[in-house]
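Worksheet: the structure to be examined is printed underneath.
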Amino acid sequence: MSTIQICPSILNADRSNLAAEIRRIEADADWLHLDVMDSIFVPAQTFSFDDSVKIIQGTSLPVDSHLMIANPDEVASEYARAGSKSVTFHLEASKDPKETLRRIREAGARASVAIKPATPVEFLFDLLDFADMFLVMTVEPGAGGQSFMRDMLPKVKALRSRISEISGSQWIQVDGGISLDTISEARLAGADLFVAGSAVYKSDDAGDMIQALRQRANEVEG
Ligand code: DX5
Ligand code: ZN
């Protein structure tokens, strides 16, 4: 199986002290997961584009931008141009996912598309040739600290089988409720990238927690 990558989400970090909060993860994380919310696609609002650019440019980590915004087709590639190494938008919000994925790649980032819990995984099958990663949400997007939705794992499994059938190298990311208690089953289902917000930021030593999560997922390989 592919390499396990841990992507701490700074959504629930202390925003009044973001630079220091980012330093807590820089030595151990594989990616910084940036949750962009616009108060339309989801009720909450988080980082503006300008805030996002500052974060992207101010960290040594590659940034994985997760756009929970209503009209991603025009702006998704802007996040790539701003230096984000991976850009994910929601299938439910896109009018032309293939074109948006193409534009993200053209702007130099890995192109990725996400599905909410109610969206069937089969809707992604048509996009296999256009995407570098798929994000299967394991909570309803919009907030950190929610419970892991175990019933999303069959979607991860189905997608992993489909990718194997075509000998693809696309990554599968899971986001929501990932902790030491849930990461193993998500890995077993076939996920490679694990977003963890509260698990990392609520622990006393964020770096140790990132390593513990990676270790726990690695144990699945046996
Ligand atoms: C939720 C966000 C997540 C969130 C995860 O909509 O997309 O990235 O930060 O937080 P936890 O790990 O606490 O579920
Ligand atoms: Zn996210």
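Atoms within each ligand, like the ligands themselves, are counted from 1 in listed order.
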| query | Which atoms of ligand 1 sit under 4.0 Å from any heavy atom of Gly176? | reply | 14 (O)
| said: Tell me if a side-chain donor or acceptor on Ser84 pairs with a main-chain N or O of Val63 at a distance below 3.5 Å. | reply: yes
| request: Scan side-chain atoms only and decide if Ser16 and Asp14 contain a donor-acceptor pair under the 3.5 Å cut-off. | output: yes
| said: Looking at Ile172, is its backbone amide N or carbonyl O close enough to the side chain of Asp192 to form a donor-acceptor pair, meaning the two atoms are under 3.5 Å apart? | reply: yes
| query | Counting from 1, what ligand 1 atoms have a heavy atom of His33 closer than 4.0 Å? | reply | 8 (O)
| Enclosure of Phe123 CZ (heavy-atom neighbours >12, cutoff 6.0 Å) | no
| query | If we only count N/O pairs under 3.5 Å, is Ala196 in contact with ligand 1? | reply | no
| field | Any N/O pair Leu11/ligand 1 closer than 3.5 Å | value | no
| Nearest to atom 3 (C) of ligand 1, what protein heavy atom do you find, and at what distance? | Asp175 OD1, 2.9 Å
| Under 3.5 Å between some N or O of ligand 1 and some N or O of Gly177? | yes
| request: Could you tell me whether some N/O pair between Gly142 and ligand 1 is separated by less than 3.5 angstrom? | output: yes
| request: For Thr46 and Met37, indicate whether the former's side chain and the latter's backbone hold a donor-acceptor pair under 3.5 Å. | output: yes
| Other residues, nucleotides, ligands: >12 heavy atoms within 6.0 Å of Glu74 CD | no
| field | Taking atom 12 (O) of ligand 1 as the reference point, the nearest protein heavy atom with its distance | value | Gly197 N, 2.8 Å
| task | May I ask you to check whether Ser9 has an N/O atom sitting below 3.5 Å from an N/O atom of ligand 1? | result | yes
| message | Here's a test for you: under side chain to side chain contact (heavy atoms under 4.5 Å, CB included), which of Leu153, Leu159, Thr119 qualifies with Val136? | response | Leu159
| Can you find a side-chain donor-acceptor pair between Gln215 and Gln211 that sits under 3.5 Å? | no
| Looking at Met68, which atoms of ligand 1 are within less than 4.0 Å of one of its heavy atoms? | 6 (O), 7 (O)
| query | Is the shortest distance from a Lys or Arg side-chain nitrogen in Asp30 or Arg214 to a carboxylate oxygen in the other one below 4.0 Å? | reply | yes
| message | To make sure I understand the geometry: which N, O or S atom in His66 is closest to the Zn ion (ligand 2)? | response | ND1
| request: State whether the side chain of Thr59 and the backbone N or O of Ile55 hold a donor-acceptor pair below 3.5 Å, judged by distance alone. | output: no
| Ligand-side contact atoms (ligand 1) for residue partner His66, heavy atom cut-off under 4.0 Å | 7 (O)
| task | Decide whether an N or O pair under 3.5 Å exists between Asn12 and ligand 1. | result | no
| request: Considering heavy atoms of the protein only, find what lies nearest to atom 13 (O) of ligand 1 and give residue, atom and distance to 0.1 Å. | output: Ser198 OG, 2.3 Å
| the Zn ion (ligand 2) to Asp175: nearest N/O/S atom name | OD2
| said: Just to check, does Ala199 reach to within less than 4.0 Å of ligand 1 when the distance is taken from its heavy atoms? | reply: no
| task | Could you tell me which N, O or S atom of Asp35 is nearest to the Zn ion (ligand 2)? | result | OD1
| said: For atom 10 (O) of ligand 1, what's the nearest protein heavy-atom neighbour? Residue, atom name and distance, please. | reply: Gly144 CA, 3.5 Å
| task | Consider every N or O of Gln146 and every N or O of ligand 1, then say whether any pair is closer than 3.5 Å. | result | no
| message | Considering non-hydrogen atoms of the protein only, which is the closest contact for atom 2 (C) of ligand 1, and what is the distance? | response | Asp35 OD1, 3.4 Å
| ligand 1 versus Ala143, non-hydrogen atoms closer than 4.0 Å: side chain, backbone, both, neither? | backbone
| request: Please state whether the rings of Phe41 and His90 are parallel, tilted or perpendicular, taking 30° and 60° as the class boundaries. | output: tilted
| request: Show which atoms of ligand 1 fall inside a sub-4.0 Å distance from at least one heavy-atom site of Val195. | output: 8 (O)
| field | Ring geometry between His33 and His66 (parallel below 30°, tilted from 30 to 60°, perpendicular above 60°) | value | tilted
| query | Can Asp73 and Ser94 be said to form a side chain to side chain donor-acceptor pair (under 3.5 Å), step by step? | reply | CA-CA 6 Å; Asp73 295 323; Ser94 173; 2.7 Å; yes
